[in-house]
Structures are given as C-alpha cells and as structure tokens.
Amino acid sequence: MSAYTGRGVHGQTVATLGARIVSGEIPQGAVIDLGDLGRDLDVSLTALREALKVLAAKGLVEARQKRGTSVRAREHWNLLDSDVIRWRSEAGDTAAVLRDLAEVRAVVEPAAASMAARRRDDDDLAELDAALEEMRTARGAAAEVAADLRWHRALLQATHNEMLARMDVFIEPALSLRDALVHETHAGDPVPSHAVVVDAIHRGDPGAAAAAVTALLDKAAEDVAGVIGVREKDDA
C-alpha cells in the first residue's frame, strides 16, 4: 500500500505523478511543465509543487534554478522505496522486483540466520517464537503478510548487528509485495519451513540455521515463479 493512500489531493497527486514517471509515461529527462500538468490533474500549483517535493525525496525528479523540474535518470531513483516498488509493480515490473528481492535475500538471510544462532539471547528466541505463533494463527492475506514480516525482523534483530538489523528497511517493501502475491494464491503453509529455522537457532546451530533459510528461500522462489507463471499465462 502507498504511504500516501487516503491523504486526499496531495496523496493522489503524488501517486499519479509517481506512477506516470515510473511507467515511462513521463520519460526520464523530461522537463515538467507545471502549468500543463496542473491543468491536466486539476490541482493547484501549490499542491503540485508539494507533490514534486515528495517525488524529489524519492529520487524521481529534481528542480534546478532556471531549468525547471525534470525527471531524473532511473539510476537516481530510490528503488527501495515502498511507493516506487508499488509503482514498478503496477507498471508490469513485478517479476524484476521479485527477482532482485530473491537475490538480496539469498545473500543476506542465510548469513543472518547463522549469526543469529550464535548470538541470540532469550528475548530474541521469545520474539522468534511469538512471530512464528502469529504466522500459525494468522487469518487472511494482510495478517499473514504482517506475521511474516515480523518474523523476518526478529531474525535480523537476533544477529545483534545494528547495520544488519536495519536491512529490514531494504527488504520489507519488496517482501510485502512478494508475500501479498503468494498469500493471495494460498501457496502452502509457510510455518513448517520457518519453524525449522527457529529450531536451529534455538539449538545454536549456525550451519543448520543457514541451510534451513536457504531451503526456505528456495521454496519462496518456487512459489513466486508459480504466481508469475500463472499471471503471464492469464495475460497471454
């Protein structure tokens, strides 16, 4: 969900402009004519400028004196921003977002699980257990996604590495998208694969924890491939 959902004209303007830029409807390098755009969207110049400030913070646009506001090259976009991820998905880029997510998780999470098995304390174990129980009792896609995200935050926190713990900022937006897609298709019970990881961490077995996360990620990739394949077949 967009960070601006339900915020009236400002939120609608941010979402509309962001989606147009990410989809290429307003191309990279284009200079934005505020007057024309304001008339097109039926918003004031004040509202438009405020929306552009938000998009500038996301790296999508930049304003330069005497040159106006232009769309920045993709390399400057904050591709980890939850709104940018959502706009990419809406523009048909879901497969690429999920592929990148899978590769990031494959680098980070097995090492995090191994570290957690060595460093976890009683509070970490309690939170992992609580998150697993929340996954077990969650009903509905939204609750299942929230429980899964809680579990991944608990795993990263259990490393007791402050920088690694903050990797949730990078992983969660795309993970939310992935989870929403997979849970909507009822791709199977995720609890057993997560429980194997928690058990290894409880036992303080770094190798088993890393292997369990790798198996979990392999299953996640399989689920995503199934969802994407079904969607592509439906769109054909």
Next item on the list: Would you check, one step at a time, whether the test salt bridge (charged side-chain N to carboxylate O under 4.0 Å, His left out) holds for Arg86 with Glu90?
Entry: CA-CA 6 Å; Arg86 184 177 61 85; Glu90 290 173 354; 2.6 Å; yes
Item checked: Derivation and outcome, side chain to side chain contact (heavy atoms under 4.5 Å, CB included), residues Met167 and Arg105 -> CA-CA 10 Å; Met167 287 296 292; Arg105 293 181 68 192; over 6 Å; no
Notebook entry, point to check: Is there a salt bridge (charged side-chain N to carboxylate O under 4.0 Å, His left out) between Glu50 and Lys53 once you walk through the steps?
Noted result: CA-CA 5 Å; Glu50 289 301 312; Lys53 287 180 182 178; 3.3 Å; yes
Next item on the list: Take Leu41 and Gln12 through the side chain to side chain contact (heavy atoms under 4.5 Å, CB included) test and state the conclusion after the steps.
Entry: CA-CA 10 Å; Leu41 300 179; Gln12 282 285 78; over 6 Å; no
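Taking the side chain as every heavy atom from C-beta outward, Val14 and Asp83 never approach each other to under 4.5 Å. Annotation: side chain of Val191 is in contact with side chain of Leu132 (closest heavy-atom distance under 4.5 Å). His194 places a side-chain heavy atom less than 4.5 Å from the side chain of Met135.
No more than 12 heavy-atom neighbours from other residues, nucleotides or ligands sit within 6.0 angstrom of CG on Asp42. The environment of Asp122 atom CG is sparse: at most 12 non-hydrogen atoms of other residues, nucleotides or ligands sit within 6.0 angstrom.
Atom CZ of Arg153 sits about 8.5 Å away from atom CZ of Arg150, to the nearest 0.5 Å. To the nearest 0.5 Å, atoms CD (Glu172) and CG (Leu80) are separated by 12.5 Å. Atom NE2 of His202 is separated from atom CG of Leu125 by 4.5 Å, given to the nearest 0.5 angstrom.
Contact record, Ala165 with Gln157: CB-NE2, 3.8 Å, taken as the closest heavy-atom pair. A pairwise comparison of heavy atoms in Val9 and Ala47 identifies CG1-CB, 4.5 Å as the closest pair. The heavy-atom pair separating Ala147 from Ala138 by the smallest distance is CB-CB, 4.5 Å. Residue Glu109 comes nearest to His152 through the heavy atom pair OE1-ND1, 2.8 Å, listed as atom of the first residue, atom of the second, then distance.
Formation of a donor-acceptor pair under 3.5 Å by the Glu62 side chain with backbone atoms of Arg72 is not found in this model. Proximity of a side-chain donor or acceptor of Asp100 to a complementary backbone N or O of Val97 within less than 3.5 Å is not detected. In terms of modelled atom types and a separation under 3.5 Å, the side chain of Thr16 and the main chain of Thr13 share no donor-acceptor contact. Judged purely by atom type and a 3.5 angstrom limit, Trp151 has no side-chain atom pairing as donor or acceptor with the backbone of Glu134.
No single ILVMFWY cluster, assembled from side-chain heavy atoms under 4.5 Å apart, contains both Leu164 and Leu217.
Checking Leu55, Leu48, Thr69 one by one against Ile32, the side chain to side chain contact (heavy atoms under 4.5 Å, CB included) holds for a single residue, Thr69.
In the model, Arg118 has a side-chain atom that pairs as donor or acceptor with a side-chain atom of Ser114 under 3.5 Å.
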